[in-house]
Amino acid sequence: MTNVESLTETTVETIARSASKIHQGLVGRRVTADEENPSGETQFRADVFADELLADQLSAIDGVAQYASEERSEIVDCGIDGLSVAVDPIDGSSNLRSNNTIGTVFGIYNEPLPAPGDALVTAGYVLYGPITTMTVARGGTVTEYELSGSERTIVRDDVTIPDEPSVYGFGGRVPNWTDDFRKYAHEIEGELELHYSGAMIDDVNQVLIDGGIFAYPALTDSPEGKLRLQFEGNPIGYIIETAGGRSSDGTRSLLEVKPTDLHARTPFYIGNADLINRLESALE
Ligand code: FDP
């Protein structure tokens with residue numbers, strides 16, 4: 001194992017252990033915190049708790065140079081050389097109130113942040129569903145684990161998107177979709193089954209399991225959509241492409257987009273390659 005591989009494994013292991021604490025820490029924290037994150041969204045107490053926990057745990061690793069999160073404006077500089085870790089501590093926090101699925105998303109980069117997707121060495125997510133799972137892409141393969149306390153058990157090696165797609169989920173309000181996207185969405189509605197949970201990570205996971213497409217598109221009142229390149233677009237693009245699918249911002253892979261700002265948003269489309277190719281043609 002190289003130094004980078006071993007440091008990456010330590011980081012993944014630390015996130016897996018933190019996930020169990022985050023899960024337990026949700027109790028009593030499903031209420032808003034009277035604060036906004038750098039994207040102007042109201043934070044839940046759970047968002048702040050998970051961010052602080054991950055900042056403490058990850059910045060203490062010898063070899064992690066930077067920690068950044070969707071929930072804080074500035075990068076934490078750990079004062080050493082090494083890898084950079086960018087996280088969305090709780091994705092889908094508006095699902096907290098109704099006690100529906102949420103997740104933690106992470107990307108480990110070998111460049112200072114903000115960094116492009118091609119600087120990722122590993123990316124993954126934790127899904128807090130009926131049980132807690134962790135999906136990690138590294139070294140050209142995707143692995144799914146079940147997490148229980150401090151145990152991490154492999155349940156699927158070499159996860160790939162099924163060839164036959166079956167589900168779709170599209171975010172944003174229909175009146176705010178562009179005409180081209182609306183036309184494409186209408187076609188897809190006739191071919192696949194709707195799965196939309198309100199948490200990007202749950203919808204992406206469903207696409208990874210069943211095949212299909214998830215989009216949070218460019219909107220007429222928000223041309224960059226809602227999701228953030230550094231914390232959501234890059235890691236999910238990396239996982240989906242490693243699993244044999246495609247990611248896109250509408251014209252190219254999310255991994256090819258150069259970040260302009262740590263919290264920059266991007267139109268977000270992921271899924272089976274054929275469906276993303278068709279989408280890009282529809283948006284041309
Ligand atoms: P949330 O605001 O609940 O944290 O990244 C943010 C996100 O959820 C995604 O998980 C989800 O797909 C999207 O926003 C939902 O946005 P809408 O509120 O526009 O449906």
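Start at 1 and go down the list; that is how both ligands and their atoms are numbered.
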*Under a 4.0 Å N-O cut-off, is there an ion pair linking Glu9 with Arg138?*
yes

*asked:* Show the atoms of ligand 1 that are less than 4.0 angstrom away from any heavy atom in Arg228.
replied: 5 (O), 6 (C)

*Counting heavy atoms only, which part of Ile201 comes closer than 4.0 Å to ligand 1: side chain, backbone, both or neither?*
neither

_Check Asp180 with Lys183, please: is the shortest side-chain N to carboxylate O separation under 4.0 Å?_
no

*Can you sort out which atoms of ligand 1 are near Asp91, meaning under 4.0 Å from one of its heavy atoms?*
5 (O), 9 (C), 10 (O)

*Among all protein non-hydrogen atoms, which one is nearest to atom 10 (O) of ligand 1, and what is the separation to 0.1 Å?*
Met200 N, 2.8 Å

*Going by heavy atoms, is Gly171 under 4.0 Å from ligand 1?*
no

*asked:* Counting non-hydrogen protein atoms only, what is the nearest one to atom 3 (O) of ligand 1? Give residue, atom name and distance.
replied: Ser94 OG, 2.4 Å

_Checking a contact table here: which protein heavy atom is nearest atom 8 (O) of ligand 1, and how many Å away?_
Gly92 CA, 3.6 Å

_Polar side chain donor-acceptor pair, Ser98 to Asn100, under 3.5 angstrom_ = yes

*Of all the non-hydrogen atoms in the protein, which one sits nearest to atom 11 (C) of ligand 1, and at what distance?*
Gly198 O, 3.3 Å

*Geometric class of the Phe181/Trp177 ring pair [parallel <30°, tilted 30-60°, perpendicular >60°]*: perpendicular

*asked:* Using a strict threshold of under 4.0 Å (side-chain N to carboxylate O), is an ion pair present between Arg156 and Glu144?
replied: yes

*Are Asp249 and Thr251 linked by a side-chain donor-acceptor pair shorter than 3.5 Å?*
yes

_Charged N-O contact under 4.0 Å between Arg29 and Glu52_ = no

*Can you name the residues that form a side-chain contact (heavy atoms from CB on, under 4.5 Å) with Ser20, not counting sequence neighbours?*
Gln24

*Measure Glu232 to ligand 1 on non-hydrogen atoms and call it side chain, backbone, both or neither using the 4.0 Å cut-off.*
side chain

*Find all atoms of ligand 1 within a distance of less than 4.0 Å from any non-hydrogen atom belonging to Lys226, and give their numbers and elements.*
2 (O), 7 (C), 13 (C), 14 (O), 15 (C), 16 (O), 17 (P), 18 (O)

*Have a look at ligand 1 and work out which part of Tyr196, if any, has a heavy atom under 4.0 Å from it: side chain, backbone, both or neither.*
side chain

*So, for His263 and Phe231, is the gap between ring centers shorter than 6.0 Å?*
yes

*Short list, please: which atoms of ligand 1 are under 4.0 Å from a heavy atom of Ala199?*
10 (O), 12 (O)

*Provide, to 0.1 Å, the distance between atom 19 (O) of ligand 1 and the closest protein heavy atom, together with that atom's residue and name.*
Tyr216 OH, 2.6 Å

